[in-house]
Amino acid sequence: MTPAGDAPAGGAAAAAAVPGDLPGADLVATGIRALQSGETTVEALLVSVGAPRLRAAGLDIPPAPPLPHPPEISLYFAIGADHPGDAHSRYNALIRRLVSFERALERRVRAESSAGERGS
């Protein structure tokens, strides 16, 4: 995994840096590709919600396009547009998947850091 400042440019490269074996990796990789393309998809908005924590863990997250609301609200509205009857439960499920990915990524980064320190 490359630090955020060292990741190669391009949505495919940034999305490729997402560890595919972590829970929710598919959503995060899709969201990164959408952000790189300037798209405002549910996945892009989800990644925008988690961007500070994902960047802190070393992922290269492109900036979100200008949004009329904070990413959390924009995500909820986007889900509601497609699924008005169950937007709340879908929103919560997506946030849970994002948090699972973030936690797993942070654990991996800590483990890699610890292994690097022991190996020095």
**Asked** Excluding sequence neighbours, so at least two apart, what forms side chain to side chain donor-acceptor pair (under 3.5 Å) with His69?
**Response** none
**Request:** Identify, with sequence neighbours excluded, every residue that meets side chain to side chain donor-acceptor pair (under 3.5 Å) alongside Asp21.
**Result:** Arg108
**Residue pair Gly38 / Pro65: nearest heavy atoms and the distance that separates them** = O-CG, 3.9 Å
**Asked** Which heavy-atom pair separates Ser74 from Leu67 by the least distance, and what is that distance?
**Response** OG-CB, 3.9 Å
**Request:** Walk me through it: do Ile95 and Val99 pass the test side chain to side chain contact (heavy atoms under 4.5 Å, CB included)?
**Result:** CA-CA 6 Å; Ile95 294 296; Val99 170; 4.2 Å; yes
**Prompt:** Is it true that a side-chain atom of Ser100 and a backbone atom of Arg96 form a donor plus acceptor pair closer than 3.5 Å?
**Reply:** yes
**Message:** A quick test of your reading: do over 12 heavy atoms of other residues, nucleotides or ligands sit less than 6.0 Å from NE2 of His88?
**Reply:** no
**Message:** Counting C-beta onward and ignoring hydrogens, is there a side-chain heavy-atom pair between Arg107 and Arg110 closer than 4.5 Å?
**Reply:** yes
**Asked** So which heavy atom on Ile79 is nearest to which on Tyr91, and how close?
**Response** CD1-CA, 3.6 Å
**Request:** Please list, chain by chain and in numerical order, all residues satisfying side chain to side chain donor-acceptor pair (under 3.5 Å) with Glu106, sequence neighbours excluded.
**Result:** Arg53
**Asked** CD1/Ile32 to CG/Leu46 distance, rounded to the nearest 0.5 angstrom?
**Response** 11.0 Å
**Validation row: Leu105, Glu102 side chains within 4.5 angstrom (heavy atoms)** = no
**Message:** Between Leu75 and Glu43, does the side chain to side chain contact (heavy atoms under 4.5 Å, CB included) criterion hold? Intermediate values first, please.
**Reply:** CA-CA 9 Å; Leu75 174 60; Glu43 294 86 357; over 6 Å; no
**Asked** Should Tyr76 and Leu45 count as side-chain neighbours, where that means a heavy-atom distance under 4.5 Å?
**Response** no
**Message:** Tell me whether Thr30 contacts the main-chain N or O of Leu27 through its side chain, where contact means a donor paired with an acceptor under 3.5 Å.
**Reply:** no
**Complete:** For Ile61 and Ala51, the nearest pair of non-hydrogen atoms, with its separation, is CG2-CB, 3.9 Å
**Complete:** Closest non-hydrogen atoms of Leu35 and Ala64, given as atom of the first, atom of the second and distance, are CD2-CA, 3.7 Å
**Prompt:** Can you name the nearest heavy-atom pair linking Val42 to Ala78, along with the distance?
**Reply:** CG2-CB, 4.1 Å
